[in-house]
Amino acid sequence: MTKRHPIGVFDSGVGGLTVVRALRRALPGEDIIYLGDTARVPYGSKSPRTVERYSLTCQQFLLAREVKLVLIACNTASANALPALREASPVPVIGAVEPGAESALAATRTGNIGVIGTLATVRSGAYAKAINARDPHARLFALACPMLVPLAEEGWTEDEIAELACRRYLQQLFAQAPATDTLVLGCTHYPLLRDVIARVASELAKHEVAVVDSATAMAEAAKEALGSGPNKRTNAGRLDCFATDTSRLDELAPRFLGEPLTGFDLVDL
Ligand code: DGL
């Protein structure tokens, strides 16, 4: 592998473009290949076996394009398929859970951490495992918030519907874990709702709640994994996007990437 090879990123859909956004900021000279498995999204409601099976085919697609590093932007895939993906890859594989866990531990003052994500992420217990492996005294409360994914896709991220949905979920979290001082956005889509989540969380907790996500931490982990080998050229790296279905992508993708996009090539895995 040389510096010139691209970095591969995959997600169940377009939400993983929040990770690409952070990656392009941290490593602007790198070429990136992004794959969104939009024909099979959502992964969050599926069983661990199915998520693992789908994730392996996504990774295979990227490896066939000679990527030097794989980033699993999808929290559900990271939580359910990381060991299988690492075993199947000759290049380093970075998931979303470990960097997210590290960001949470860096932010918490009291060791009381909340994590919100899809049903499959919460059921996997992956965040608790990653956090407690690093700090056995940390206390974690995890809550599935499945409605927040369609809200983010619809672009309803700042209105009263977003506020009501966040309040309804977070009420459960703070009723059961009132000392939570740090909340992990354990899903690709939730950074779009960050402002509402942060406001409602602090209001319900009656103390300041730090909100962290894995996107920035994953980009930093990618930088570290490349060591002295990142592409340092001055012009911006290429971004090539592929998807297994192209419906609504023109509308959805820029929302997550935060910049215009030249389009997706349709692929069959
Ligand atoms: N990408 C998924 C995640 O981060 C959310 C969408 C889905 O359920 O596939 O967990």
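Just so you know, ligand 1 is whichever comes first in the structure, and atom 1 is the first atom listed for that ligand.
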Just grab all the ring-ring contact (aromatic ring centres under 6.0 Å, His included) pairs involving residues 202-227, residues at least two apart or on different chains.
-> none

Which atom pairs, nitrogen or oxygen on both sides, join ligand 1 and the protein at under 3.5 angstrom?
residue, atom, partner, partner atom, Å
ligand 1, 1 (N), D11, OD1, 2.9
ligand 1, 1 (N), S12, OG, 3.1
ligand 1, 1 (N), T188, OG1, 3.0
ligand 1, 4 (O), N75, N, 3.1
ligand 1, 4 (O), T188, N, 2.9
ligand 1, 4 (O), T188, OG1, 3.2
ligand 1, 8 (O), Y43, N, 3.4
ligand 1, 8 (O), G44, N, 2.8
ligand 1, 9 (O), S12, OG, 2.6
ligand 1, 9 (O), Y43, N, 2.7
ligand 1, 10 (O), T76, N, 3.1
ligand 1, 10 (O), T76, OG1, 2.6

For S124 and T121, test the side chains for any donor-to-acceptor distance below 3.5 angstrom and give the result as yes or no.
-> no

Please list all pairs passing the ring-ring contact (aromatic ring centres under 6.0 Å, His included) test where one or both residues lie in residues 239-259, with sequence neighbours left out.
-> F61-F242, H189-F256

Co-members of the apolar cluster containing V122 [side chain, <4.5 Å] = none

For N80 and Y43, does a side-chain donor sit closer than 3.5 Å to a side-chain acceptor?
-> no

Give the minimum heavy-atom separation between L269 and T244, together with the two atoms involved.
-> CG-CG2, 3.6 Å

